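Worksheet: the structure to be examined is printed underneath.
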Amino acid sequence: MLNIKDTIIGKSVKSDVLSGIVVAIALVPEAIAFSIIAGVSPLVGLYTAFILGLITALVGGKAGMISGATGAIAVVLVGLGVKVKESIPEDLMLQLTANGELSTYILQYILLATILAGIFQVLIGVFKLGKLIRLVPQPAMYGFVNGLAIVIALAQFPLFKGESWIMYALVALTMIIVKFFPKVSTAVPSGLVAIVVISAVVIGMDLDTKRVGDLADISGNLPSFALPTLHIDMDAVLMVLPYSVLVALVGLIESLLTLSVLDEMGGKRGSGNQECIAQGAGNITCGFFGGMAGCAMIGQSIINFSNGGWGRLSGITAAILLISFVVALSPYIALIPVAVLVGIMFMVSIGTFEWESGNRIRFMPNSDKFVLVAVTVITIFADLAIAVITGIIISALVFAWNHSKVRSRTYREDDNTKVYEFDGPLFFGSTTSFFELFDTKHDPENIVLDFKDARVMDISGVEAIDNITKKYADAGKKLTIRHLSEDCKKILKDAGPFCTYEEDDPKYKVAINY
């Protein structure tokens with residue numbers, strides 16, 4: 001029976017609340033950075049982290065998973081921004097630039113794209129397509145995690161620009177605290193201890209180092225309801241539609257992969273379809289309240305889990321505290337040194353990287369090694385969705401190649417009957433080897449194809465059977481198919497009038513996904 005307490009507040013209220021505080025503070029520079037990447041105000045990213053984070057914390061498929069503005073989504077929205085600029089007439093562009101309203105104009109298209117992306121995600125969840133994440137092979141999972149770990153680390157280096165040795169020392173001290181404080185006590189998250197200690201040192205000694213307030217002004221009001229103000233016509237919808245689909249897919253891939261990683265950390269399985277619906281509902285709400293699209297954040301989620309935030313209360317705390325920073329606490333948050341947040345993210349990167357994959361890769365088949373390395377490299381230099389899809393395609397092609405042969409043994413039932421007993425799947429990749437098995441010219445009058453240990457998988461397999469039956473018919477010989485399962489019979493119903501079935505075909509049980 002579901003334990004409501006563990007679901008809502010995890011193992012303890014204290015762990016969830018303290019972990020939520022760490023996550024909220026760590027969210028600030030990322031939300032600002034990803035907003036700047038997308039070409040919008042920092043408040044847009046902060047609103048996204050609040051709205052999407054709160055909704056997914058309440059109804060998402062995994063308690064303790066953190067969502068907000070992410071780099072993968074921001075990169076897609078950059079492409080939309082470029083497209084919008086190209087479509088603006090020259091006179092309007094001059095007017096918008098002169099009035100400083102260009103980013104606001106682009107934002108309206110981003111809001112529309114966010115709403116449409118959310119609708120797509122809800123539909124994917126409603127039709128229970130979230131389970132397709134199971135198609136991602138383990139080497140691709142390793143590549144995804146390792147690539148994101150490297151991306152998280154690389155994203156911190158621009159923050160060192162123009163800084164002195166003080167920031168490097170503070171980052172190193174932060175990493176030492178995060179690493180070793182849990183050996184002293186686990187009562188308080190080590191990330192929160194690092195934030196308090198490093199901030200006290202910097203403020204008390206008035207050290208010359210970059211603060212959160214130097215990144216951007218995060219003060220503002222609560223998000224308010226507002227429809228996108230652009231004139232929504234078919235041209236606008238068609239312009240944002242491809243980007244909306246890409247945002248939806250990228251967001252769900254990153255979210256569902258993050259869910260899988262947290263499943264392994266926590267040992268308790270989340271719901272992929274529920275997460276799809278929650279992400280979609282969150283993004284739709286973001287679009288109507290001035291936020292851009294977002295998705296699950298693996299770095300922040302691992303921070304949360306590592307600090308004991310396993311319940312929904314941790315995400316709720318992070319979201320509410322984050323909007324409190326914007327509305328009331330921005331002067332205090334502005335004083336926090338960036339170095340402590342960089343140090344925490346470096347430790348997240350180290351913790352995220354699947355170090356065990358270095359040992360396992362030695363024992364993997366060459367194809368799996370290639371998938372792992374390819375997904376890692378593409379994640380770093382290109383795009384998460386492209387990386388994962390590439391990994392799936394490569395693995396699928398390798399699988400098809402490895403199973404591209406149908407084997408058979410033959411024996412005589414009597415002088416006029418020869419039996420071909422097959423082993424292996426009959427599909428598009430194995431039809432060539434299937435045809436090579438037969439000796440139409442020298443076979444007797446009666447031929448039996450026994451599929452007891454084989455399956456007909458697709459229309460190519462059906463066509464192969466149809467072709468071979470016609471060849472035997474043209475040679476004046478009778479062909480009978482034996483031991484087909486019911487689903488194979490169904491796919492073969494249009495194979496032609498030459499196929500006959502024996503009555504002793506077995507009844508196979510089929511696993512049902514509940």
Side-chain angles (χ1 to χ4, degrees), residues 7-10 13-35 42-70 73 114 118 121 189 191-192 195 212 218-225 251 254-255 258-259 262 270 274-275 277-305 307-330 332-333 336 341 344:
T7 300
I8 301 299
I9 61 175
V13 173
K14 184 187 74 173
S15 296
D16 282 341
V17 171
L18 293 179
S19 181
I21 294 173
V22 177
V23 170
I25 296 173
L27 275 171
V28 173
E30 289 203 14
I32 293 172
F34 296 143
S35 299
L43 283 176
V44 174
L46 293 168
Y47 287 159
T48 297
F50 164 60
I51 297 170
L52 185 60
L54 182 61
I55 291 175
T56 55
L58 288 169
V59 298
K62 184 74 176 178
M65 194 158 81
I66 305 299
S67 296
T70 64
I73 300 293
T114 298
Q121 291 175 329
L192 183 58
I195 291 171
V212 170
I218 66 169
S219 61
N221 300 312
L222 288 171
S224 57
F225 179 82
E254 186 160 355
S255 298
T258 299
L259 185 147
L262 298 183
Q274 184 177 340
E275 184 62 30
I277 295 174
Q279 291 286 336
N283 279 323
I284 292 171
T285 308
C286 284
F288 283 121
F289 282 85
M292 66 184 192
C295 63
M297 309 176 74
I298 188 170
Q300 303 297 342
S301 298
I302 290 178
I303 288 177
N304 195 36
F305 262 54
N307 287 306
W310 291 43
R312 296 188 183 276
L313 185 59
S314 58
I316 295 170
T317 300
I320 293 176
L321 191 57
L322 183 66
I323 199 63
S324 299
F325 295 161
V326 173
V327 175
L329 303 175
S330 58
Y332 304 101
I333 300 302
I336 295 175
L341 303 178
I344 290 174

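Just so we're clear, the structure is a prediction, and the values are computed from it rather than from any experiment.
Using bins of under 30°, 30° to 60° and over 60° for the plane-to-plane angle, the ring pair Phe225/Phe289 lands in the perpendicular bin.
Considering only heavy atoms from C-beta on, Leu341 comes within 4.5 Å of Val212 through its side chain. Tyr47 places a side-chain heavy atom less than 4.5 Å from the side chain of Ile323. A heavy-atom distance below 4.5 Å is found between the side chains of Val22 and Ile303. With a 4.5 Å cut-off on side-chain heavy atoms, Leu192 and Asn307 do not count as touching.
The shortest heavy-atom contact between Gly53 and Ala319 is C-CB, 4.2 Å. Closest approach of Pro42 to Ser35, counting heavy atoms only: O-OG, 3.5 Å. Taking each heavy atom of Ser67 and Glu275 in turn, the nearest pair found is OG-OE2, 4.4 Å. For the residue pair Ala24 and Ala318, the shortest heavy atom distance occurs at CB-O, 3.5 Å. Closest heavy-atom contact between Gly308 and Ser15: O-CB, 3.5 Å.
For the atom pair CD1 (Ile25) and CG (Leu322), the distance works out to 10.5 Å, reported to the nearest 0.5 Å. Here CD of Gln279 is found 6.0 Å from CE of Met65. Values are rounded to the nearest 0.5 Å. The distance from atom CG of Leu43 to atom CG of Asn221, rounded to the nearest 0.5 Å, is 8.5 Å. Distance CG/Leu262 to CH2/Trp310: 9.5 Å, rounded to 0.5 Å. To the nearest 0.5 Å, the span separating CD1 on Ile73 from CE on Met297 amounts to 11.0 Å. For the atom pair CZ (Phe305) and CD1 (Ile66), the distance works out to 9.0 Å, reported to the nearest 0.5 Å.
Between the side chain of Ser255 and the backbone N or O of Ala296 there is at least one donor-acceptor pair closer than 3.5 Å. Without hydrogens or angle criteria, Thr114 side chain to Gly287 main chain gives no donor-acceptor distance under 3.5 Å.
Each of Ile51, Leu58, Thr56 was compared with Leu54 under the side-chain contact (heavy atoms from CB on, under 4.5 Å) criterion, and only Leu58 meets it.
Applying the side chain to side chain donor-acceptor pair (under 3.5 Å) rule to pairs touching residues 289-304 yields Ser19-Asn304, Glu30-Gln300, Asn304-Ser314, sequence neighbours excluded.
Legend: residues meeting side chain to side chain donor-acceptor pair (under 3.5 Å) with Ser324, ordered by chain and number and at least two apart, are absent. Take Ile277 and apply the side-chain contact (heavy atoms from CB on, under 4.5 Å) test, not counting sequence neighbours, and it matches Val126.
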